[in-house]
Visitor: 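The structure that follows is given in the form of structure tokens.
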Number of protein chains: 2
Amino acid sequence: MPYFDVLQLRKLPYSQLPNLKSKPVATLRPFADRVVDRSTLQNWAQQYAELDIPSVEACLAFLRATADVQTALEAHFARYGLSMGKFTLLMQLFQAPEQGFTPSECAERSGVTRATITGLLDGLERDGLVERQPRLGDRRMLSVRLTEEGRSLLVRMLPDHFCRTTGLMGELTVSEKTTLIELLQKVQAGTKAMLEP
Amino acid sequence: MPYFDVLQLRKLPYSQLPNLKSKPVATLRPFADRVVDRSTLQNWAQQYAELDIPSVEACLAFLRATADVQTALEAHFARYGLSMGKFTLLMQLFQAPEQGFTPSECAERSGVTRATITGLLDGLERDGLVERQPRLGDRRMLSVRLTEEGRSLLVRMLPDHFCRTTGLMGELTVSEKTTLIELLQKVQAGTKAMLEP
DNA sequence: GCCTAATGATTAGCCAGCTAATCATTAGGC
DNA sequence: GCCTAATGATTAGCTGGCTAATCATTAGGC
């Protein structure tokens with residue numbers, strides 16, 4: 001759930017995505033954008049000295065962008081029957097050496113737990129995009145590899161994928177992209193403050 | 001799962017978060033940052049004319065920041081026994097009129113489905129932070145309100161919350177915050193390209 | 001050489017999104 | 001006035017994160 005809606009912003013209702021299986025039946029109806037009310041924010045700022053308006057606005061803008069991009073990526077991957085996690089996994093295997101990766105290697109490279117990888121592999125294997133084989137030499141490990149079908153799915157989708165990635169950043173000039181990267185790195189550095197005990 | 005790890009970036013391993021209940025046992029070990037390899041990117045760019053390096057880099061930076069902020073917020077809310085969704089809901093009710101909101105209103109304001117609200121309310125009600133009561137006049141509807149306990153939890157946590165939000169943006173100057181907001185709006189506009197049929 | 005500890009994969013179970021279906025209630029057309 | 005359609009809430013079931021526990025296998029110390 002989008003956190004920023006505390007202050008009445010909104011994300012794209014999922015049911016409005018194009019190309020997803022079905023019509024909404026008893027789900028959210030579209031509703032007008034509710035942009036954050038300056039006076040509400042100022043009101044809060046009077047009650048809480050800790051509230052810094054520009055920071056909150058930047059944070060809300062970030063979360064709003066986050067939610068929209070997330071939604072858009074999900075819709076993109078859904079066209080190919082994939083989720084972000086599954087695509088990530090496939091791309092890793094696409095670049096993998098001959099013998100593939102072990103599930104643990106996949107987990108480590110992805111920054112998710114092994115349990116999550118097990119689940120994703122179950123799905124990908126069910127869809128015939130990936131195969132698990134015993135690893136010679138150490139019977140605890142498995143080799144995970146793309147099947148031909150998996151490889152061809154990627155080859156088929158990558159042009160579209162890169163094209164849409166370019167489109168996502170299409171409103172920014174090259175120098176704006178550079179600036180954005182710098183500013184995002186500063187936000188990332190700020191997460192330290194959130195994580196502190 | 002963080003999509004950007006296709007190109008070997010990483011997010012903070014969940015198990016390294018401070019203040020979460022327990023020690024990692026059989027989970028991810030820390031591993032070195034793998035920054036995207038320029039030459040890999042250039043290599044790919046040769047194979048796929050659609051790949052625009054600055055766009056991909058900006059996209060990866062964004063997704064990386066997204067994942068880290070998400071993780072940090074989750075850790076922050078976890079200190080108070082909340083998730084982002086629950087916090088959002090509580091904040092809405094905090095500002096609600098006397099009679100509270102109906103679950104549907106909550107859903108609409110949050111941009112999530114009613115089913116999701118039902119689940120969140122179940123959890124919040126179980127924890128005694130919120131109460132559901134029948135609505136006079138229309139027996140299909142419910143009134144959802146904060147309990148005293150819910151209200152006092154918010155009052156207790158908000159100073160810390162705003163403080164940490166300010167901290168999150170603490171590395172940026174005021175004018176950088178403004179710039180960031182502008183650039184993020186452009187990224188948001190770019191999601192159109194992702195959503196197109 | 002054996003026994004304990006470490007490692008790899010899986011399983012079970014929680015959470016919070018989602019869709020689709022169901023049920024109760026209300027509203028509206030004829 | 002009644003019956004159908006719309007509306008509000010819930011439920012069931014899927015997904016993909018997570019933790020914790022389990023099980024098999026391997027490695028290492030003594």
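Letters A, B, ... mirror the listed sequences (proteins, then strands); counts begin at 1.
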Visitor: For the pair made of CG in D122(B) and P in dG17(C), what is the distance, rounded to whole Å?
Guide: 13 Å
Visitor: Can you sort out the partners of S55(B) under side-chain hydrogen bond (donor to acceptor under 3.5 Å, both in side chains), two or more places apart, ordered by chain and number?
Guide: K177(A), D52(B)
Visitor: Please report, rounded to the nearest Å, how far the C1' atom of dG17(C) is from the CD atom of E74(B).
Guide: 12 Å
Visitor: Using the side-chain heavy atoms of T116(B), tell me which of these nucleotides is nearest: dA9(D), dC18(C), dC15(C).
Guide: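 In terms of side-chain proximity for T116(B), the closest of dA9(D), dC18(C), dC15(C) is dC18(C).
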Visitor: Any side-chain N or O of R132(B) below 4.0 angstrom from OP1/OP2 of dT10(D)?
Guide: yes
Visitor: Run the salt bridge (Lys or Arg N to Asp or Glu O under 4.0 Å) test against E131(B) and tell me which residues pass, sequence neighbours left out.
Guide: none
Visitor: Would you kindly give the CZ-to-C1' distance between R114(B) and dC23(C), to the nearest whole Å?
Guide: 13 Å
Visitor: Starting at CG of L124(A) and ending at P of dG16(D), how long is that distance when rounded to a whole Å?
Guide: 8 Å
Visitor: Going by ring-ring contact (aromatic ring centres under 6.0 Å, His included), name the residues that satisfy it together with F162(A), two or more places apart in sequence or in a different chain.
Guide: Y48(B)
Visitor: Once you apply a heavy-atom cut-off of 4.0 Å, does R135(B) come out as touching a base, just sugar-phosphate, or nothing?
Guide: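 The answer is nothing, as R135(B) stays clear of every strand by at least 4.0 Å.
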Visitor: Holding to salt bridge (Lys or Arg N to Asp or Glu O under 4.0 Å), I want the full list of residues that pass it with E176(A), two or more places apart in sequence or in another chain.
Guide: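 E176(A) satisfies salt bridge (Lys or Arg N to Asp or Glu O under 4.0 Å) with K186(B) once adjacent residues are dropped.
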Visitor: Taking a pair as Watson-Crick (N1 to N3 plus N6-O4 or O6-N4) or G-U wobble (N1-O2 and O6-N3), both under 3.5 Å, which stems of 3 or more consecutive pairs involve DNA chain D?
Guide: C:1-30 with D:1-30
Visitor: Using the test salt bridge (Lys or Arg N to Asp or Glu O under 4.0 Å), find all partners of R140(B) that sit at least two apart in sequence or belong to another chain.
Guide: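 Counting only residues at least two positions away or on another chain, R140(B) forms a salt bridge (Lys or Arg N to Asp or Glu O under 4.0 Å) with D138(B).
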Visitor: Given dT11(D), dA9(C), dC18(C), which nucleotide is nearest the side-chain atoms of T118(B)?
Guide: dT11(D)
Visitor: Using the side-chain heavy atoms of A115(B), tell me which of these nucleotides is nearest: dC15(C), dG17(D), dT19(C).
Guide: dT19(C)
Visitor: Find the distance M84(B):CE to dC18(D):P and express it as a whole number of Å.
Guide: 16 Å
Visitor: Does D160(A) pair with R164(A) as a salt bridge, N-O distance under 4.0 Å?
Guide: yes
Visitor: Which atom pairs, donor and acceptor, lie under 3.5 Å between side-chain atoms of residues 121-130 of chain B and protein residues at least two apart or in another chain?
Guide:
from    : atom 1 : to      : atom 2 : distance (Å)
D122(B) : OD1    : R132(B) : NH2    : 2.4
E125(B) : OE1    : R132(B) : NE     : 3.1
E125(B) : OE1    : R132(B) : NH2    : 3.2
E125(B) : OE2    : R132(B) : N      : 3.2

Visitor: Backbone N or O of V187(A) within a donor-acceptor pair of the T191(A) side chain at under 3.5 Å?
Guide: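 The answer is no, because no donor-acceptor pair under 3.5 Å joins these two groups.
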Visitor: Using the side chain to side chain donor-acceptor pair (under 3.5 Å) rule, take T166(B) and E50(A) through it: C-alpha gap first, then chi angles, then the decisive distance, then the call.
Guide: CA-CA 8 Å; T166(B) 306; E50(A) 298 85 357; over 6 Å; no
Visitor: Choosing from dA16(C), dG8(D), dA9(C), which nucleotide comes nearest the side chain of S104(B)?
Guide: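 The answer is dG8(D).
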Visitor: In whole angstrom, give the distance that lies between atom CG of D127(B) and atom C1' of dC14(C).
Guide: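 The distance from CG of D127(B) to C1' of dC14(C) comes to 13 Å, rounded to the nearest Å.
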Visitor: Please list residues of residues 137-145 of chain B whose heavy atoms come under 4.0 Å from any atom in DNA chain D, ordered by number; otherwise none.
Guide: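 Of all residues in residues 137-145 of chain B, the ones placing a heavy atom under 4.0 Å from DNA chain D are R140(B), M141(B), L142(B).
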Visitor: Nearest whole Å is fine: how far is dG17(D) C1' from L73(B) CG?
Guide: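 From L73(B) CG to dG17(D) C1': 16 Å.
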Visitor: Assuming nearest nucleotide by heavy-atom distance, tell me which of G123(A) and G119(B) is located more 5' along DNA chain D.
Guide: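 By nearest-heavy-atom nucleotide position, the 5'-most residue is G119(B).
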Visitor: Think S83(B) has a side-chain N or O under 4.0 angstrom from the OP1 or OP2 of dA16(C)?
Guide: yes
Visitor: Suppose we screen for side-chain hydrogen bond (donor to acceptor under 3.5 Å, both in side chains). Which residues come up paired with Q99(B), at least two apart in sequence or across chains?
Guide: R135(B)
Visitor: Expressed in angstrom and rounded to an integer, what is the separation of I117(A) atom CD1 from dT10(C) atom C1'?
Guide: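 In whole Å, dT10(C) C1' and I117(A) CD1 are 13 Å from each other.
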